[in-house]
There are 2 protein chains.
Amino acid sequence: MCYICFVNKITKTKREVVALVPKKTVARLILYKRFLKQLIDDGVKNTYSHDIATKFGVTATQVRRDLMCVGYHGASRSGYDVKKLYDEILRFFINTEGKDVVLVGVGNLGRALLSYFSGGKSHIRVVAAFDNDEHKVGRVICGCRCYHINELKDFVDKNKIHTVMLCAPATAAQDIAVQLIKSGVKGILNFSPVRLNLSADVYIEDFDITMNLEKVMFFAGSNTGFEEKINV
Amino acid sequence: MCYICFVNKITKTKREVVALVPKKTVARLILYKRFLKQLIDDGVKNTYSHDIATKFGVTATQVRRDLMCVGYHGASRSGYDVKKLYDEILRFFINTEGKDVVLVGVGNLGRALLSYFSGGKSHIRVVAAFDNDEHKVGRVICGCRCYHINELKDFVDKNKIHTVMLCAPATAAQDIAVQLIKSGVKGILNFSPVRLNLSADVYIEDFDITMNLEKVMFFAGSNTGFEEKINV
DNA sequence: GCAGAAAAGTTATTTTTTTCACAAAACAAG
DNA sequence: CTTGTTTTGTGAAAAAAATAACTTTTCTGC
């Protein structure tokens with residue numbers, strides 16, 4: 001039972017329910033899920049909102065707020081049953097779990113990502129890589145076969161792929177992204193430092209290393225040498 | 001002249017001014033800066049808030065609000081002088097520009113990042129890498145020399161490094177982060193999938209690949225097959 | 001059984017961020 | 001010179017997100 005639907009006494013599409021969940025809540029729920037998985041592996045049976053909160057540097061209220069969105073109800077005083085809460089979060093992420101992704105652009109960064117996901121540490125599988133360089137096509141890199149980008153549409157159709165990690169160079173990213181969308185891709189994790197201009201029904205998450213590094217540099221700098229008085 | 005100080009008729013420390021600028025504005029300003037640099041290279045003299053807005057998928061008002069924080073004033077009707085605006089944004093990021101960073105953890109991801117920054121495409125220089133693996137110490141990887149992590153403190157002191165890209169494995173990340181802080185580091189771009197528990201005066205940006213990929217998978221999934229009615 | 005404590009769930013409030021709406025400026029055309 | 005258009009700058013409103021405050025439940029110890 002989802003509190004949002006409950007209080008509004010409504011039947012909604014999943015899409016509508018998802019739209020009511022704050023984006024940042026989704027991000028935190030993914031982290032909570034990871035933590036709960038670890039607790040299960042460690043044999044921990046119960047946990048509390050303030051446990052989770054401490055782990056991620058947020059408030060306990062925030063955690064409870066977030067958990068309201070997935071529908072599992074803990075018990076007063078004894079907190080959350082780790083296994084049940086985990087299962088309920090999985091249910092919330094039902095469209096995510098077990099799904100595969102592909103990588104496009106097998107440069108240095110692409111290869112590092114293939115390696116990162118090949119270790120079996122993550123539950124996400126990168127099932128294919130695509131590039132337009134004939135030298136890479138046909139090779140198996142970190143356990144992942146590399147195909148020509150022209151084969152993408154077939155592969156996406158056949159394997160019901162929704163999500164792509166895009167590691168193409170900046171100059172090619174937009175064109176490739178258009179091709180991805182034509183192939184039926186619905187979500188892109190964009191590692192290239194350009195904004196992709198695409199139709200609104202595709203979800204794009206920009207993962208801009210340089211921008212984020214500069215952001216850290218800015219705030220790191222503001223921790224030092226920013227004490228002088230100014231009247232800008 | 002910064003409008004925040006102006007309207008409040010106050011003299012503040014730079015730190016206080018920075019605190020008044022929304023974090024998201026800082027992120028966008030970095031993107032605007034990049035765009036303006038490109039405009040300069042392309043020989044474009046003037047630009048407008050809606051140009052920048054279209055480029056990044058935000059509203060023109062948002063852009064103007066963001067630019068208020070850096071203090072440069074455009075001209076009604078003729079927009080912004082690209083060069084002057086760029087310079088003013090640089091001035092805002094004065095503590096960031098020209099500063100160097102180091103990388104800690106020379107695994108696959110670390111190497112890919114060294115390669116990424118070695119091409120000279122970015123204006124940020126990664127001037128050293130650190131690892132505790134004796135096999136890596138002393139080697140030069142993508143033009144970047146690798147030192148033992150014990151040499152970090154000296155290097156940071158000598159070269160006035162504030163910012164680190166941390167690519168250590170999850171199990172080691174927290175311990176290494178503590179060591180970084182002891183060495184005087186003020187900002188960490190954290191690629192490892194664990195939250196670092198550190199004192200509040202250090203800026204940490206989590207760059208969690210798996211989490212972000214899952215987020216994309218979730219929203220990509222919500223674009224398909226989420227039309228069924230539910231009453232959760 | 002009862003008082004007190006600890007925890008979840010939820011409403012209300014506050015804070016932060018974004019958008020709206022419009023004044024002022026500047027240019028263009030007649 | 002005047003009128004209309006375009007664009008910036010910004011106060012006010014709205015929306016989104018986070019936090020605080022309060023209620024209820026459940027357990028513990030007496």
Side-chain angles (χ1 to χ4, degrees), chain A residues 1-9 18-29 31-32 36 44-82 84-85 88-89 215 232, chain B residues 1-9 16-29 31-32 36 44-82 84-85 88-89 215 232:
Chain A
M1 174 68 77
C2 162
Y3 93 104
I4 293 167
C5 295
F6 177 72
V7 296
N8 294 306
K9 294 181 184 57
V18 166
L20 291 174
V21 178
K23 290 207 194 321
K24 293 205 170 178
T25 290
V26 172
R28 282 189 298 263
L29 284 171
L31 299 178
Y32 303 164
L36 290 165
V44 178
K45 298 291 182 207
N46 277 75
T47 192
Y48 307 94
S49 58
H50 67 261
D51 273 358
I52 302 174
T54 306
K55 176 80 184 179
F56 295 106
V58 297
T59 63
T61 306
Q62 177 89 77
V63 172
R64 294 201 296 273
R65 227 331 112 104
D66 291 338
L67 293 181
M68 282 169 79
C69 297
V70 303
Y72 176 65
H73 286 237
S76 299
R77 190 69 197 252
S78 53
Y80 301 98
D81 179 309
V82 169
K84 284 182 184 166
L85 178 55
E88 206 60 38
I89 296 182
K215 195 161 58 158
V232 278
Chain B
M1 173 69 75
C2 163
Y3 93 105
I4 293 168
C5 295
F6 176 72
V7 295
N8 295 305
K9 295 180 182 60
E16 286 163 336
V17 172
V18 166
L20 291 174
V21 177
K23 291 204 194 322
K24 293 202 172 178
T25 291
V26 172
R28 283 188 299 263
L29 285 171
L31 298 177
Y32 303 163
L36 290 165
V44 177
K45 298 291 182 209
N46 276 74
T47 192
Y48 308 92
S49 58
H50 69 260
D51 274 357
I52 302 174
T54 306
K55 176 81 184 177
F56 295 106
V58 297
T59 64
T61 306
Q62 177 90 78
V63 171
R64 293 200 298 274
R65 270 249 175 256
D66 290 338
L67 293 182
M68 283 170 79
C69 297
V70 304
Y72 177 66
H73 286 238
S76 302
R77 190 68 197 250
S78 53
Y80 302 97
D81 179 310
V82 169
K84 284 182 184 165
L85 178 55
E88 207 59 39
I89 295 182
K215 194 161 60 158
V232 276

Rounded to the nearest angstrom, tell me the gap between atom [atom1] in [X] and atom [atom2] in [N].
X       : N      : atom1 : atom2 : answer
A/Met68 : C/dA12 : CE    : P     : 13 Å
B/Asp66 : D/dT8  : CG    : C1'   : 14 Å
A/Leu29 : D/dA17 : CG    : P     : 13 Å
A/Tyr72 : C/dA8  : OH    : P     : 11 Å
B/Arg64 : C/dA23 : CZ    : P     : 15 Å
A/Asp81 : C/dA7  : CG    : C1'   : 15 Å
B/His73 : C/dA24 : NE2   : C1'   : 14 Å
B/Lys23 : D/dA18 : NZ    : P     : 13 Å

Counting only side-chain heavy atoms from C-beta out, which of [options] sits nearest to [X]?
X       : options                : result
A/Arg28 : C/dT19, D/dA18, C/dT10 : D/dA18
A/Ser76 : C/dT19, D/dT25, C/dA24 : D/dT25
B/Gln62 : C/dT18, C/dT17, D/dA18 : C/dT18
B/Ser78 : C/dA8, C/dC27, C/dT18  : C/dC27
B/Arg77 : C/dA5, C/dA26, C/dT17  : C/dA26
B/Arg65 : D/dG9, D/dT28, D/dG11  : D/dG11

Which atom of [X] lies closest to which atom of [Y], heavy atoms considered:
X       : Y       : answer
A/Ala60 : A/Ala53 : N-CB, 3.5 Å
B/Ile89 : B/Leu67 : CD1-CD2, 4.2 Å
B/Asp81 : B/Asn46 : N-ND2, 4.2 Å
B/Glu88 : B/Val70 : CG-O, 3.6 Å

Taking any heavy-atom pair under 4.0 Å as a contact, classify [X]: base, sugar-phosphate, or nothing.
X       : result
B/Ser49 : sugar-phosphate
B/Thr61 : base
B/Ala60 : nothing

#### Entry: Phosphate OP1/OP2 of D/dA18 contacted by A/Thr59 side-chain N/O (<4.0 Å)
no
May I ask you to verify if any side-chain N or O of A/Tyr80 is less than 4.0 angstrom from the OP1 or OP2 atom of C/dG9?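 Yes, because at least one side-chain N or O of A/Tyr80 sits under 4.0 Å from OP1 or OP2 of C/dG9.
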Ignoring hydrogens and geometry beyond distance, is a side-chain donor-acceptor pair present between B/Asp66 and B/Tyr32 at under 3.5 Å? yes
